[in-house]
*Asks:* 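Here it is, the structure, as structure tokens.
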Amino acid sequence: MFRFFKNHLFWSPKMPTGSFAGKTVIVTGANVGLGKEAARHFVAKGASKVILGCRNMDKGNEAAQSIVQSEKVKDAGKVEVWQLDLCSYESVLAFGERLNGLDRLDVLVENAALATIDFKMAEGHESQVTTNVISTFLLALLALPKLKETAARTAGEPDYRPPHLVVLSSGMIYTAQLPEARNKDEPIFAQLDKNKSNLMSRYPVTKLLEVLVVREWTRTRAPAYDYPVIINTMDPGLCESALRREVPRAGLGARVVVGVLEWMLARPTAVGARTEVDAALKGYESHGEFITDQEVEKVSAFCYTKEGFETQRRVWRELADILEEIKPGVTSNL
Ligand SMILES: NC(=O)c1ccc[n+]([C@@H]2O[C@H](COP(=O)([O-])OP(=O)(O)OC[C@H]3O[C@@H](n4cnc5c(N)ncnc54)[C@H](OP(=O)(O)O)[C@@H]3O)[C@@H](O)[C@H]2O)c1
């Protein structure tokens, strides 16, 4: 908490050095907020192609237009908008198929996320779980073959950097509670799909699940010494964006607390988005790890307990079953 206040009051993310010349980058949820500004930074840093994965093509095209104009991009085709709705597996599968047709893929930033106080189902699961966890990792697995192929093809290049898969998590993992882990009789995902109360706590839980899954992947199937793609999770800090668009409906208390925190501490969107560029440049020290304020940091204490490790294994086992049902064989892409 001390670090959070100190770094939001007296420190600001720096734009990392490092070029993306010749690289192809995908940013999901890039029509607005941090994703849009991260995409702008990737273009400014010389990426050959930046693809904005957006569920609303009109908003995506507006964002692309704004980037092309601000960065004075001569070849407008350098910034593409592809349709992606994480609430629809069909859309995610189509996006995955399309990206596997690319010449190369150097960076996938899984930035899109949903924070809502409404209980809604999407594809048979609570919508934040579907968007932030199931579809996010479905897309990650669909992209891994192309990221690995890019690593193999470009490894000899003089300024070679391994491809990156960056999953946007949140500092809210430090306060997230997952009481469902204590009930061993019913899958965690099934419990989350049924529990309609306390929806305010669901978004942080999905961000914790993201961290657990990446930690389990890199602990078991994708160890750093042997893996061609750097996979990390990250927290951009408290930033101005559309994420908290539903706070006004959450009651006066939430409005006041969030309003004051934002007024005092929120980083301008373009400044916060520098952390996404930074994560896409980090080395193997970040593989499987959580980056906050541009540094690899310990995750919440829960993750280092026996219960935390067991939960991590269980979450991935359950998620793997769900993903295999959506696309048989997809987990072998890991
Ligand atoms: N802002 C912060 O303070 C903060 C702090 C910690 C972590 N983060 C993380 O940073 C990332 C970016 O958030 P942000 O603050 O920039 O929020 P934002 O402004 O609300 O942007 C979220 C993006 O995700 C997209 N999205 C939501 N549901 C989607 C779906 N079903 N399919 C495809 N795209 C979908 C949104 O599209 P629409 O515009 O169509 O809804 C939007 O483009 C998130 O992962 C968030 O968890 C943010």
Side-chain angles (χ1 to χ4, degrees), residues 4 7-8 13 26-41 51-64 81-95 108-116 118 120-123 125-140 166-176 202-211 214 233-247 258-259 261-277 279 290-293:
F4 171 81
N7 280 1
H8 279 77
I26 296 179
V27 184
T28 66
N31 56 290
V32 73
L34 292 165
K36 177 177 163 188
E37 296 312 316
R40 198 188 304 279
H41 292 326
I51 296 162
L52 319 185
C54 303
R55 63 175 157 179
N56 180 316
M57 288 297 284
D58 288 341
K59 288 188 195 169
N61 285 322
E62 265 174 45
V81 185
W82 290 11
Q83 211 278 335
L84 172 67
D85 183 355
L86 295 170
C87 281
S88 153
Y89 298 151
E90 196 187 330
S91 171
V92 180
L93 292 169
F95 193 91
L108 169 59
V109 181
E110 295 230 62
N111 165 88
L114 174 68
T116 179
D118 293 327
K120 268 190 240 133
M121 297 295 273
E123 299 283 16
H125 296 277
E126 191 278 320
S127 61
Q128 291 168 99
V129 173
T130 309
T131 306
N132 304 353
V133 186
I134 301 173
S135 287
T136 291
F137 287 105
L138 176 61
L139 181 58
V166 177
V167 179
L168 266 281
S169 175
S170 164
M172 292 186 90
I173 62 159
Y174 291 110
T175 54
R202 184 59 51 86
Y203 165 81
V205 164
T206 62
K207 295 284 137 181
L208 175 63
L209 294 177
E210 290 177 334
V211 166
V214 168
T233 54
M234 59 151 293
D235 164 37
L238 181 68
C239 301
E240 289 163 3
S241 78
L243 188 68
R244 289 167 290 275
R245 62 192 100 181
E246 290 189 8
V247 165
V258 173
L261 282 174
E262 281 191 335
W263 174 71
M264 275 172 58
L265 306 172
R267 294 169 175 159
T269 320
V271 172
R274 293 174 183 168
T275 60
E276 298 194 14
V277 181
F290 180 70
I291 305 165
T292 187
D293 294 337

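Just so you know, ligand 1 is whichever comes first in the structure, and atom 1 is the first atom listed for that ligand. In this text the structure is predicted, and so the values were computed from the model without any measurement.
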*Asks:* Quick one: closest heavy-atom pair of Tyr89 and Glu123, and the distance?
*Replies:*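 Minimum heavy-atom contact is N-OE2, 2.8 Å.
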*Asks:* Identify, by atom number and element, the atoms of ligand 1 in contact range of Leu84, meaning under 4.0 Å from any of its heavy atoms.
*Replies:* 32 (N), 33 (C)
*Asks:* Would Ser127 count as a contact residue for ligand 1, given that I'm defining contact as a non-hydrogen atom of the residue lying under 4.0 Å from a ligand atom?
*Replies:* no
*Asks:* Of Leu139, Val27, Leu265, Asn31, which has the heavy atom at the shortest distance from atom 36 (C) of ligand 1?
*Replies:* Asn31
*Asks:* Do any N/O atoms on Leu114 end up under 3.5 angstrom from N/O atoms on ligand 1?
*Replies:* no
*Asks:* Is there at least one pair of N or O atoms, one from Tyr203 and one from ligand 1, spaced under 3.5 Å apart?
*Replies:* yes
*Asks:* Does a side-chain N-to-carboxylate-O contact under 4.0 Å join Asp118 and Arg202?
*Replies:*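 Looking at Asp118 and Arg202, the cut-off is not met.
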*Asks:* Output the list of atoms in ligand 1 that are nearer than 4.0 Å to some heavy atom of Cys87, sorted by atom number.
*Replies:*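 It comes down to these atoms of ligand 1: 31 (N).
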*Asks:* Which of the atoms in ligand 1, numbered in the order shown and given with their element, are less than 4.0 Å from a heavy-atom of Asp85?
*Replies:*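 Once the distances to Asp85 are compared, the set is 30 (C), 31 (N), 32 (N).
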*Asks:* Is Gly35 in polar range of ligand 1, meaning some N or O pair under 3.5 Å apart?
*Replies:* no
*Asks:* Looking at every non-hydrogen atom in both residues, tell me the closest pair between Val277 and Ala38 and how far apart they are.
*Replies:*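 Closest heavy-atom pair between Val277 and Ala38: CG2-O, 4.5 Å.
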*Asks:* Give the numbers and elements of all ligand 1 atoms closer than 4.0 Å to a heavy atom of Asp235.
*Replies:* 6 (C)
*Asks:* Which atoms of ligand 1 are found less than 4.0 Å from any heavy atom of Leu238?
*Replies:*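 Near Leu238, meaning under 4.0 Å from one of its heavy atoms, ligand 1 has 3 (O).
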*Asks:* For Val32, counting its heavy atoms only, list the atoms of ligand 1 lying under 4.0 Å from any of them.
*Replies:*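 Answer for ligand 1: 19 (O), 21 (O), 39 (O), 42 (C), 43 (O).
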*Asks:* So, regarding Glu110 and ligand 1 (criterion: nitrogen or oxygen to nitrogen or oxygen, under 3.5 Å), is there a contact or not?
*Replies:*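 In this structure, Glu110 places no N or O atom under 3.5 Å from an N or O of ligand 1.
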*Asks:* Charged N to carboxylate O below 4.0 Å: is that the case for Arg40 and Glu37?
*Replies:*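 So Arg40 pairs with Glu37 through a salt bridge.
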*Asks:* I need the minimum non-hydrogen distance between Thr130 and Ala122, along with the two atoms involved.
*Replies:*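 Residues Thr130 and Ala122, closest heavy atoms: OG1-O, 2.8 Å.
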*Asks:* Evaluate Leu34 for polar contact with ligand 1, using N/O atom pairs at a separation under 3.5 Å.
*Replies:* yes
*Asks:* Looking only at heavy atoms, what is the nearest atom pair of Ala112 and Leu86, with distance?
*Replies:*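 Where Ala112 meets Leu86 most closely, the heavy atoms are CB-CD1, 3.6 Å.
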